[in-house]
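Beneath this line is the structure, given in C-alpha cells, with notes to follow.
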Amino acid sequence: MKNKLHGLVTIVVLVVLIFSIIHIDEVKEAIVKSIENCIIGIVPSLFLNSVLASVLIKCSESLIPKRISPVRCEIFLVFLLGNICGYPIGARMLSELVKENCITSEQAERVICFSYASGSAYILGIVSSAVFHAKLLGFTAFLSIFLSNTILYILFIVNFKVKSTVNVSCKGVSLTNAVMDAISSSANSMISICSTIVFFSALLSLLPLQIPIVSAIFEISNITSLQGNGLIFFVLLTVLLSFGGLCVHMQIICLSGGNYSFKWFYITRPIQLILTAIFSAVGYLIVQNHISVETGVSSSIELSSTGSIIPFVCISGMVLIALTYRKQKSDR
C-alpha cells in the first residue's frame with residue numbers, strides 16, 4: 001500500500017513539473033506577486049509581532065508572581081498572543097515552550113486549538129480595507145474569531161486542568177539574549193512562511209480555472225480578491241479567515257517542528273468554525289446599521305509607488321539573519 005502511495009505521489013509530482021514548464025510564464029507571474037504580497041502584507045504584519053511574542057514568552061518567568069502557576073500563565077500568553085499576532089505565532093511559541101520543557105506536548109496539541117487566528121494586523125490592516133471596506137466590519141470579524149477561540153480556551157481550562165506541580169525547567173533569560181534570539185528565530189520563521197506562500201501561489205497558477213474562493217481556501221491572502229456584501233458574504237469571509245487556508249496549515253505544522261501533534265486541532269476545527277459563523281452573524285446584525293463604507297478602496301496592494309528599494313534591502317537582511325540562525329543551530 002505504501003509503495004502504491006509513493007508511486008502515485010511520484011506521478012502527481014511529475015505531472016505538476018511538466019505543467020509548470022509548459023506554463024512557466026503564469027508560474028513566474030504568480031511567484032512575483034506572492035513575493036510582493038509577502039514583502040508588503042505578510043512580513044510587516046507578522047515580524048514585529050513574532051519578535052515581541054517570543055521576548056514575552058522567554059522573559060515571562062520574571063513577570064509572573066511565584067504564587068501563579070507558570071504553565072497556566074504561559075498558556076494564557078500563547079492564547080492571547082496567538083490571537084492578536086497572527087496564524088503561525090501561536091504554533092511557533094508552543095514549539096519553543098515544548099523544546100524548553102515549559103509545557104508538555106500533550107498540552108501544546110490542545111493549546112494550538114485556540115491559539116490559531118488571523119491576527120489583528122492582517123484583518124484590520126489589509127482585509128478590512130481590501131474586502132470589507134469598513135473598519136467596523138474588520139473589527140467585528142476579528143472579535144468573532146477571538147470569541148470562538150475564547151470558548152475553546154475556557155473549555156480547555158475546565159476539562160484539561162494544568163496542575164501547578166507540573167515539573168518544568170523553563171527559566172528566564174536576559175532581555176538582550178531574549179531579543180536577539182527572538183529576532184533571529186523570527187527571521188527564520190518569516191522565510192519559511194513566505195516560501196510556503198510562494199510555493200502554493202505557484203501551484204495555484206497551474207489550475208485551469210481560477211476560482212477566487214477556492215484560491216482563498218488554499219492560500220488565505222487570496223481573500224483580498226473576493227468582493228461582495230451582505231450577511232452571508234461577511235460570515236463566509238470571517239469563516240475563511242478563521243480557517244486560514246491549507247497553506248497556513250502547512251506553515252504551522254512546519255513551525256511546530258514535530259514537537260506536538262495536530263490531532264486535536266483538526267478535531268476541534270469544525271466546532272471553532274461553527275462558533276465563528278454564529279458570532280460573525282450576530283456581530284454583523286448588531287453593527288450593520290453603523291457601517292460607514294469606505295469608498296474608493298482598491299483590493300490591489302501596490303509594492304511601492306516610488307520604486308523604493310527599501311523593502312528589498314529589508315528582506316535581504318532578514319534572509320541573511322535567517323541563514324546565520326540556521327547555521328548556529330546546526331553547529332550546536
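Atoms considered below: every heavy atom in the structure, side chains included; atoms not considered: hydrogens, waters and symmetry mates. For clarity, every value in this text was computed on a predicted model and none was experimentally measured. In this chain, residues are counted from 1 in sequence order.
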Practice task
Just do the side-chain contact (heavy atoms from CB on, under 4.5 Å) check on F243 and Y116 with the steps written out, would you?
Solution key: CA-CA 9 Å; F243 176 70; Y116 173 86; 5.9 Å; no

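- Between S280 and T238, the side chains place no donor N or O within less than 3.5 Å of an acceptor N or O (distance only, hydrogens not considered).
- The CD1 atom of I274 sits 11.5 Å away from atom OG1 of T268, with the distance rounded to the nearest 0.5 Å.
- Residues S225 and P212 come closest through the heavy atom pair OG-CB, 3.8 Å.
- For the atom pair CG of L237 and OG1 of T224, the computed distance is 10.5 Å after rounding to the nearest 0.5 Å.
- Contact check for T150 versus F114: no side-chain heavy atoms found under the 4.5 Å cut-off.
- Taking the six-membered ring where the residue is Trp, F262 and F265 present perpendicular rings, their angle passing 60° and hence far from 30°.
- Hydrophobic clustering places V214 together with I223 (ILVMFWY residues linked when any side-chain heavy atoms are closer than 4.5 Å, directly or through intermediates).
- In I22, the CD1 atom is crowded: over 12 heavy atoms of neighbouring residues, nucleotides or ligands sit closer than 6.0 Å.
- In this structure, the side chains of F234 and T140 come closer than 4.5 Å at one or more pairs of heavy atoms.
- The cluster map of Ile, Leu, Val, Met, Phe, Trp and Tyr, joined by side-chain heavy atoms under 4.5 Å apart, puts V235 and I271 in the same cluster.
- Scanning for ring-ring contact (aromatic ring centres under 6.0 Å, His included) contacts around F139 gives an empty result, with sequence neighbours left out.
- Using modelled atom types, one side-chain atom of N222 and one backbone atom of S215 make a donor-acceptor pair closer than 3.5 Å.
- A donor-acceptor pair shorter than 3.5 Å can be found between the side chains of S261 and E109.
- F218 pairs by the ring-ring contact (aromatic ring centres under 6.0 Å, His included) definition with nothing, not counting sequence neighbours.
- I35 contributes atom CD1, which lies 7.0 Å from atom CD1 of I31 (distance to the nearest 0.5 angstrom).
- A donor-acceptor pair under 3.5 Å is formed between the side chain of N259 and the backbone N or O of S256.
- Applying the side chain to side chain contact (heavy atoms under 4.5 Å, CB included) test between I145 and each of I123, L273, V239 identifies I123 as the sole match.
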Practice task
Walk me through it: do L275 and L147 pass the test side-chain contact (heavy atoms from CB on, under 4.5 Å)?
Solution key: CA-CA 8 Å; L275 289 172; L147 288 176; over 6 Å; no

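- With no hydrogens or angles considered, a side-chain donor-acceptor pair links Q272 and S242 at under 3.5 Å.
- Taking CD1 of I112 as the start and CZ of R110 as the end, the distance is 13.5 Å to the nearest 0.5 Å.
- Residues in residues 256-280 take part in no salt bridge (charged side-chain N to carboxylate O under 4.0 Å, His left out) pair, two or more places apart or across chains.
- Shown here for A108 and V98, the closest heavy-atom pair between the two residues is CB-CG2, 3.6 Å.
- For the pair V111/L97, no side-chain contact is recorded, criterion being any heavy-atom separation below 4.5 Å from C-beta on.
- Between T196 and Q251, the side chains place no donor N or O within less than 3.5 Å of an acceptor N or O (distance only, hydrogens not considered).
- Other residues, nucleotides and ligands place more than 12 heavy atoms under 6.0 Å from the CZ atom of F233.
- Proximity of the aromatic rings of Y87 and H249 is defined here by a centroid distance below 6.0 angstrom, and this criterion is not met.
- Both L203 and I211 are members of a single hydrophobic cluster when ILVMFWY side chains are connected at heavy-atom separations under 4.5 Å.
- Across all their heavy atoms, F146 and N83 have their closest contact at CD1-CB, 3.6 Å.
- The closest donor-acceptor contact from the side chain of S120 to the backbone of I84 lies under 3.5 Å.
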Handout entry: Worked check of side-chain contact (heavy atoms from CB on, under 4.5 Å) between I213 and L240
Key = CA-CA 9 Å; I213 191 170; L240 280 175; 4.2 Å; yes

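- The shortest distance between side-chain heavy atoms of L206 and E26 does not fall below 4.5 Å.
- Here I252 contributes atom CD1 and I89 contributes atom CD1; the two are 12.0 Å apart, rounded to the nearest 0.5 Å.
- Put simply, the side chain of S105 never gets that close to the backbone of Y260: no donor and acceptor are under 3.5 Å apart.
- Residues I217 and I197 share a single hydrophobic cluster, defined by chaining ILVMFWY side chains whose heavy atoms lie under 4.5 Å apart.
- The distance between the ring centers of Y284 and F279 does not fall below 6.0 angstrom.
- Under a 3.5 Å cut-off, the side chain of E219 and the backbone N or O of A216 do not form any donor-acceptor pair.
- To the nearest 0.5 Å, atoms CG (L94) and CG (L255) are separated by 11.0 Å.
- Among all heavy-atom pairs drawn from S95 and G257, the shortest one is OG-N, 4.3 Å.
- Cluster annotation: I253 is connected to F200 through the hydrophobic network of ILVMFWY side chains, with a link wherever side-chain heavy atoms come within less than 4.5 Å.
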